[in-house]
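As structure tokens, the structure follows; a few thoughts come after it.
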Protein chains: 2
Amino acid sequence: MSVTQQRKGRERAAREELILEHGRRLLLREGFQNLNLDELARSIEYSKGTIYLHVETKEDLALAIATGALKERADLFERASKFTGLTRERMRAVGFACCQFAIVHRDYFNIEMMLRSQSFWEKASEERRRQHGLQAGRLFHIVSSIATEAIRAGDLAPEVRTQDVALSLIAITMGSHIASMQPDIQMLCGLTDPFAAVAAVRRNQDLICDGWSWKPLLKEFDYTATDKRIKTEIFPEATWYTAS
Amino acid sequence: MSVTQQRKGRERAAREELILEHGRRLLLREGFQNLNLDELARSIEYSKGTIYLHVETKEDLALAIATGALKERADLFERASKFTGLTRERMRAVGFACCQFAIVHRDYFNIEMMLRSQSFWEKASEERRRQHGLQAGRLFHIVSSIATEAIRAGDLAPEVRTQDVALSLIAITMGSHIASMQPDIQMLCGLTDPFAAVAAVRRNQDLICDGWSWKPLLKEFDYTATDKRIKTEIFPEATWYTAS
DNA sequence: ACATTTATTGACTCTAAGTCATAATTACGT
DNA sequence: ACGTAATTATGACTTAGAGTCAATAAATGT
């Protein structure tokens, strides 16, 4: 490949980054439905045609942005999974990371929700779908490999299937976030602020772990010190974090 | 009110029913994005203008359809909650009802997902939002009142807050359904058919109940007989049900 | 300097939601 | 039965915005 081609490749990548960056801002502000590609074109100071040199459809663009967010989350999970301690403490650190992500990037959940409609995926490109699957797989792997170690350490029963553990934890986290975002349910449960919602998510994660008899159970161990360590060791930069 | 006005009211209601019925069919087949009101108008043999005499926006129409589905579900929950037995058996019957609904109305979950985007609700009418909240409240109430009875019966610890129990169960059910519908996760977890997915949902519900120490725990009691009774007593018409 | 290839553009097409002036129908008093 | 007023139904029209592509501009190579 010539020097010229290399430079062009860099320029292309830089512009794709520009599109995704501005796209993310607009997508978060307006939601998928109200995201306007004419406005995005104006924002990046290129024409709409140029955007379509980088994405096949509006859905394709949105999926690329969502995958970026997912990658950021998976990176945070990876950091959290390196926490030193009992297996359940490490799992707790990952759960913590998930909630941190939800607090810092509050609006990203609207983006996640957009991915749940079938027609969305049909209109995104094969390659972008693959990229998303890759990041989702990373996330799944982090959770299930902690479960594997838990079995090895004797903290989880050996007959437990790690993919079932991962599924249950992913489900409770996703479900809790979605449920505690619905105004109806917020009212019925008395979830007055985002921190109450996050507390509910973490409580539900504990329920699932206790359900699997993941040792030590919540009532057998004081996780207060763990939580403090997680905060200082995994999220030292977290001046934005206020509630327990 | 005159006799004429009464008749007109009936006619209006009948046509609204017609619109919702055909709308549901199209919405299930095409998804929200691809639901075309010109096509719907053709299908009901009225003009598009007439549709707009009944709904404010396309979102409003879709919400009305979704609320209809939610009501059907709440009705099924109500029936299940009348199951006679221990409190956890009754809760199990409700969980069962939820999974039955998911199997029979497999596509309804796509409709549910459509409700998770913020911009959707903004475009639906106040009244339709209220109606949906009403049905959601019914559902929540059924679950939390079984929890209340469980506390009274000593099956749940008295310090447990029933709304937290309801939230956790709603979250795990919703989350499990969503997670087990995502192709990536299906592959990672080896969920090959819809029955495997439903089995995962029910297993996760058990985990949450065990997490709350809802007596009798899964390992302390044989729920096989309960499941058989639920099938025959609550779903006698269920010839469509094949897996355990 | 010129030819050729590559990149960029924005006016245009097309689809579909939502509107509203007009037409058709119905209600009702005489 | 008739005429008039009120109600109801219509579909051509407006508008918004995604996606296209022929024309234009810029870059590259000789």
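Fair warning: this is a prediction, and the values are worked out from it, not measured in the lab. Note on naming: letters A, B, ... go to the chains in the order of the sequence lines (proteins, then strands), and numbering restarts at 1 for each one.
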Length of the CD1-C1' vector between B:I51 and D:dT8, whole Å: 15 Å
Tell me the interatomic distance from A:R12, atom CZ, to C:dA7, atom C1', rounded to whole angstroms. 11 Å
Could you check whether the rings of A:F101 and A:H105 sit parallel, tilted or perpendicular, using 30° and 60° as the cut-offs? tilted
Are any of A:Y52's side-chain N or O atoms less than 4.0 Å away from OP1 or OP2 of D:dG19? yes
Output the rounded distance in Å from NZ (A:K123) to P (C:dT15). 14 Å
Has A:R7 got a side-chain N or O lying under 4.0 Å from the OP1 or OP2 atom of D:dT28? yes
Quick test of your reading of the model: are B:R130 and B:E126 salt-bridged, counting only N-O distances below 4.0 Å? no
Could you tell me whether A:R29 and A:E39 have a side-chain N and a carboxylate O separated by less than 4.0 Å? yes
Is the closest basic N to carboxylate O distance between B:R92 and B:D206 below 4.0 Å? yes
Would you say the side chain of B:R116 lies within less than 4.5 Å of the side chain of B:M174, judging by non-hydrogen atoms? yes
Phosphate-side-chain proximity, A:T50 and C:dT8, N/O vs OP1/OP2 below 4.0 Å: no
DNA chain C: B:L37 or B:K8, which has the more 5' nearest nucleotide? B:L37
Length of the line joining B:L35:CG and C:dA16:C1', which is rounded to integer Å: 11 Å
Reading DNA chain D from 5' onward, which residue's closest nucleotide shows up sooner: A:K58 or B:L53? B:L53
Distance below 4.0 Å between A:N36 side-chain N/O and D:dA18 OP1 or OP2: yes
Please state how far atom CG in B:D38 lies from atom P in C:dA17, giving the value in whole angstrom units. 6 Å
Would you kindly compare A:S47 and B:E56 by the position of their nearest DNA chain C nucleotide and give the one closer to the 5′ end? A:S47
For A:I19 and C:dT9, what is the distance between atoms CD1 and C1' respectively, to the nearest whole Å? 14 Å
At less than 4.0 Å, is any side-chain N or O atom of A:K48 found next to OP1 or OP2 of C:dG10? Yes or no. no
On the nucleotide D:dA9, are OP1 or OP2 found under 4.0 Å from the side-chain N or O atoms that B:R15 carries? yes
Can you measure B:E30 atom CD to C:dT15 atom P for me and round it to whole angstrom units? 15 Å
Taking atom P of C:dA17 as reference, at what distance in whole Å does atom CG of B:L27 sit? 12 Å
